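Structure, as structure tokens:
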Amino acid sequence: MSTNSAPPPGTGDIFPEEAVSWLALETTARRIFSLYGYGEIRTPVFEYTEVFQRGLGNDTEVVQKEMYTFEDRGGRSLTLRPEGTAGVMRALSGTDAMNGVENRVYYIGPMFRGERPAAGRRRQFHQIGVENVGRVAPALDAESIAMLCHFLNEIGASGFQLLLNTRGVPEDRKPAEEALREYFAPRIGSLCEDCRNRLERNIWRILDCKQPECQAHIAGAPDAASLFAAPSREYFDKVCSILTDQNIDFTVEPRLVRGLDYYVHTVFELTHPGLGGQNAIAGGGRYELNLPGLNRPVCGVGFAAGMERLLMVLDAMNIPKETVPGPTLYLVSLGAKALVRNRKLADALRRRGIAVALEAEEKSMKSQMRSADRLKAKNVFIVGDAELESGSAVLQSMSDGSRQTIPIDSLEKVIST
Ligand code: HAM
């Protein structure tokens with residue numbers, strides 16, 4: 001067995017002092033999303049591999065290079081979910097979301113991508129995601145973006161930028177694809193190997209390439225969205241005008257295509273300058289997602305925010321961190337009898353919802369006071385043989401040192417007022 005306490009690269013442990021900040025994010029997300037009628041969905045962390053191959057698109061970087069895939073005992077290929085949308089759609093595909101009934105769900109949990117670890121880039125990371133499934137309307141795309149901004153405001157994040165673009169729908173993309181092909185074909189020799197294949201297979205993926213040799217060419221590519229057929233352009237105009245009405249600032253970024261192939265119409269990303277290289281805190285858009293065994297796609301709009309990155313943003317903004325609250329009371333026991341009495345007292349108080357700490361074994365007064373201090377207890381209650389005899393003991397506030405002698409039996413009343 002390894003004695004190294006470090007977890008595998010790209011993963012991390014979350015200790016109680018940090019877990020409180022995670023919990024605060026989750027609590028805010030649940031509160032805000034429920035204002036918009038969303039309910040929580042929990043799906044497995046692994047799915048049949050085809051769910052992601054079909055769902056995200058075989059040509060995407062995630063499917064080609066980043067999935068953690070393994071075989072179950074029966075030889076069926078399974079994959080740890082690299083994102084939440086495909087699994088959630090798999091779950092909803094058996095419901096009325098397939099018949100145009102709107103479903104609003106959110107999820108919180110770990111995702112897995114075999115990426116090169118870096119600051120803000122993990123192999124196991126956590127997303128808070130939202131999907132509005134079953135209906136197509138520009139107002140729903142805009143509402144999803146507005147809810148994301150609302151959530152970010154509520155956690156105290158500011159200074160982020162909203163980048164927006166449209167992918168149109170496949171039947172409206174033809175003229176844009178032709179223009180892109182015309183532009184990239186003469187440059188094929190100076191594109192990376194992946195992009196050379198993408199020219200014929202999936203030209204849009206070139207726009208998402210991060211290789212330096214491709215970047216310069218991508219910067220000069222035609223603004224594809226402006227070449228979409230009218231219905232797709234009109235849909236996007238409507239989304240933009242609703243966002244403007246709602247006073248939501250955005251920048252149209254014509255190169256934004258997003259890394260997954262299921263997107264149609266609106267795509268968006270929220271970036272923050274405090275994050276450096278991995279600057280996307282959230283991303284999303286409208287999608288038509290194909291699944292194995294379904295003869296038509298599931299449609300929806302949604303987003304996912306990276307929890308590690310949200311916490312990094314709050315850190316960069318020096319927003320005070322949540323702290324683990326200390327117990328209301330630390331029971332100091334001087335002697336075996338006092339310990340027995342205090343155990344009973346602790347049990348009764350905890351059952352009334354009061355947080356109590358005490359030692360498991362007999363310890364010196366000094367050592368118990370040190371523990372009370374380390375745990376950030378708000379008060380100590382000191383019980384020894386004399387106190388058991390008299391029925392009263394000293395309650396001391398750890399913040400101002402003030403002391404009062406109270407009957408042991410009335411401790412609960414005093415402490416809860
Ligand atoms: P995504 O852009 O791939 O979209 O991921 C969303 C967010 O997850 C990113 O903006 C980032 O904050 C975080 N993230 C992604 N990869 C990593 C990583 N390796 N380490 C740390 N954080 C990461 C999706 O996953 C889509 N399912 C979003 C969506 C929902 N679209 C429609 N509905």
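Order of listing sets the numbers, starting from 1, for every ligand and every atom in it. Keep in mind it's a predicted model, so treat the numbers as computed, not measured.
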[X] and ligand 1 - part of the residue with a heavy-atom distance under 4.0 Å:
X	result
Tyr263	side chain
Met111	neither
Ile281	backbone

Quiz question: by atom type and distance under 3.5 Å, do the side chains of [X] and [Y] form a donor-acceptor pair?
X	Y	result
Ser333	Glu362	no
Gln396	Tyr330	no
Glu102	Asn132	yes
Ser371	Glu359	yes

Problem set entry | Nearest option to atom 28 (C) of ligand 1, as decided by whichever heavy atom of Gly283, Gly300, Ala305 sits closest |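 Closest candidate by heavy-atom distance is Gly283.
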At what distance is the nearest protein heavy atom to [atom], and which residue and atom is it?
atom	answer
atom 27 (N) of ligand 1	Glu83 OE1, 2.6 Å
atom 14 (N) of ligand 1	Phe125 CE1, 3.5 Å
atom 25 (O) of ligand 1	Gln127 NE2, 3.0 Å
atom 13 (C) of ligand 1	Gly306 CA, 3.7 Å
atom 7 (C) of ligand 1	Ala304 O, 3.6 Å
atom 9 (C) of ligand 1	Ala280 O, 4.0 Å
atom 19 (N) of ligand 1	Glu115 OE2, 2.6 Å
atom 3 (O) of ligand 1	Arg113 NH2, 2.9 Å

Can you list the atoms of ligand 1 that are under 4.0 Å from a heavy atom of [X]?
X	value
Gly302	30 (C), 31 (N), 32 (C), 33 (N)
Arg122	18 (C), 19 (N), 20 (N), 21 (C)
Gly120	20 (N), 21 (C), 22 (N)
Glu131	30 (C), 32 (C), 33 (N)

So, regarding [X] and ligand 1 (criterion: nitrogen or oxygen to nitrogen or oxygen, under 3.5 Å), is there a contact or not?
X	answer
Thr85	yes
Arg121	no
Tyr262	yes
Tyr287	no

For this session: Please say whether the positively charged group of Arg187, taken as NZ for Lys or CZ for Arg, lies over the ring of Tyr183, i.e. under 6.0 angstrom from the six-membered ring centre and within 45 degrees of the axis.
Result: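 The answer is yes; both the distance and angle limits are met.
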Exercise. Checking Arg113 against Phe125: charged group under 6.0 Å from the ring centre and within 45 degrees of the axis?
Worked result: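 Judged by the rule, Arg113 and Phe125 form no cation-pi pair.
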Touching ligand 1 at all, [X]? Heavy atoms, strictly under 4.0 Å?
X	answer
Arg258	yes
Gly129	no
Ala282	yes

Can you check whether [Y]'s main-chain N or O pairs, donor with acceptor, with [X]'s side chain at less than 3.5 Å?
X	Y	value
Gln368	Lys363	yes
His272	Ser158	yes
Asn279	Thr271	no
Arg286	Val267	no

For this session: Mind checking salt bridge (Lys or Arg N to Asp or Glu O under 4.0 Å) for Arg343 and listing every partner two or more places apart, or none if nothing turns up?
Result: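 Partners of Arg343 by the salt bridge (Lys or Arg N to Asp or Glu O under 4.0 Å) criterion come out as none, since no residue qualifies.
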Problem set entry | Residue list, salt bridge (Lys or Arg N to Asp or Glu O under 4.0 Å) with Lys210, at least two apart or on another chain |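 Lys210: salt bridge (Lys or Arg N to Asp or Glu O under 4.0 Å) contacts with Asp208.
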Problem set entry | Value rounded to 0.5 Å, distance of CG in Leu260 from CZ in Phe52 |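 Atom-to-atom, Leu260:CG and Phe52:CZ are 11.0 Å apart.
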Exercise. Got a salt bridge between Arg30 and Glu40, using NZ or NE/NH1/NH2 to carboxylate O under 4.0 Å?
Worked result: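 Yes, charged N to carboxylate O under 4.0 Å.
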